[in-house]
Amino acid sequence: MPFNRVAIGRPEEASHPDALKAALAEFISTLIFVFAGEGSGMAYNKLTDNGSATPAGLIAASLSHAFALFAAVSVGANISGGHVNPAVTFGAFVGGNITLLRGILYVIAQLLGSVVACLLLKFATGGLTTSAFALSAGVSVWNAFVFEIVLTFGLVYTVYATAVDPKKGNIGIVAPLAIGFIVGANILVGGAFTGASMNPAVSFGPAVVSWTWSNHWVYWAGPLVGGGLAAIVYELFFINSSHEQLPTADY
């Protein structure tokens, strides 16, 4: 059972140099990801003079997020595990692969990275709006809640299969590549309905900088539920209990 390995962690862990380095890596990776992902949307709006959403815009968002996440996970993988997402960190905690205290450090770093990325974008673009995530017309909050659960389940399940599972072997860049691919594919599915966040940090930064909080809870609740469910399913059915727990440094 994954819950048998859930751990709070020791208080000194919060100030341990390795934990602080890992948190800094999460901050930088999330900044890189959000700057590229949010920035591509701002660039598209500028090129189209804030025109209506188009299939081309959705494809551009999918590609930019997939490429940026591949890079962000890759650069952080050997330091923090390259979570870049509070839902991934929560899934790792539920599966007993990270302590609560270390997870809190990661989430704080991810949120700060997203906010700083959006502030930099606002300054660098001369004050353009960092658009917060919003529901499309005809999409209820419960539609969006389910959408975000399913999309994030797919993301965190992919993380577990390619990066957490001890049986994964030496797959090199396959994990960040697969993680980038699933996010890009999910944006093609959910982008027209909820924006396909799958990541509370990605939603948090633009919301803070634009101070837009309409239905913001959906972009926390959905990903956290989806991430937690993916961790439970993978741990219960696919990770043999005889495996040794992964060292924190490996994820």
Side-chain angles (χ1 to χ4, degrees), residues 2 5 7 9 13 16-37 63-114 116-117 152-187 198-202 223 226-227 230-231 234-235 238-239 243-251:
R5 301 203 310 271
E13 184 179 7
H16 192 279
D18 286 346
L20 295 177
K21 287 179 183 178
L24 178 59
E26 286 295 311
F27 170 83
I28 294 171
S29 289
T30 308
L31 189 155
I32 290 170
F33 176 49
V34 174
F35 191 90
L63 290 175
S64 64
H65 282 81
F67 291 159
L69 188 58
F70 167 64
V73 171
S74 296
V75 299
N78 292 330
I79 307 169
S80 64
H83 293 198
V84 202
N85 186 339
V88 171
T89 300
F90 181 67
F93 166 70
V94 169
N97 295 290
I98 190 173
T99 65
L100 177 62
L101 290 178
R102 192 180 183 100
I104 290 172
L105 279 179
Y106 278 27
V107 171
I108 292 172
Q110 292 155 0
L111 296 179
L112 288 175
S114 180
V116 171
T152 313
F153 180 95
L155 167 58
V156 177
Y157 187 89
T158 301
V159 170
Y160 258 82
T162 61
V164 177
D165 193 332
K167 303 187 295 296
K168 68 184 184 299
N170 183 19
I171 56 177
I173 65 168
V174 172
L177 193 61
I179 293 165
F181 279 172
I182 189 62
V183 165
N186 280 348
I187 288 173
M198 299 168 275
N199 186 332
V202 167
Y234 203 94
E235 287 280 350
F238 302 112
I239 293 185
H243 284 301
E244 293 183 7
Q245 181 178 351
L246 287 175
T248 305
D250 288 342
Y251 187 69

Is [Y] close to [X] at the side-chain level, that is, under 4.5 Å between some pair of heavy atoms?
X      : Y      : value
Leu100 : Phe93  : yes
Val107 : Phe90  : no
Val202 : Phe33  : yes
Tyr106 : Val88  : no
Asn199 : Pro223 : no

As an exercise, state the distance from [atom1] of [X] to [atom2] of [Y], rounded to the nearest 0.5 Å.
X      : Y      : atom1 : atom2 : answer
Thr162 : Leu177 : OG1   : CG    : 9.5 Å
Glu235 : Asn97  : CD    : CG    : 5.5 Å
Ile187 : Ile182 : CD1   : CD1   : 10.5 Å
Tyr160 : Phe238 : OH    : CZ    : 13.0 Å
Phe35  : Ser64  : CZ    : OG    : 12.5 Å

Q) So, the side chain of His83 versus the backbone of Asn85: is there a donor-acceptor pair under 3.5 Å, distance only? A) no
Q | N/O donor-acceptor pair under 3.5 Å between Thr89 side chain and Gly103 backbone | A | no
Q: Provide the closest heavy-atom pair for Gly227 versus Thr152 in the form atom of the first, atom of the second, distance.
A: N-CG2, 4.0 Å
Q: Name all residues meeting the side-chain hydrogen bond (donor to acceptor under 3.5 Å, both in side chains) criterion together with Thr158; count only those two or more places apart in sequence or in a different chain, and write none if there are none.
A: none
Q: Sequence neighbours left out, what passes side-chain hydrogen bond (donor to acceptor under 3.5 Å, both in side chains) with Tyr234? Give chain and number order.
A: Asp165
(Q) Listing request: all side chain to side chain donor-acceptor pair (under 3.5 Å) pairs with a residue in residues 21-32, at least two apart in sequence or in separate chains. (A) Glu26-Ser80, Glu26-Gln110
Q: Quick one: do Phe70 and Val183 satisfy side chain to side chain contact (heavy atoms under 4.5 Å, CB included)? Show the steps, please.
A: CA-CA 10 Å; Phe70 167 64; Val183 165; over 6 Å; no
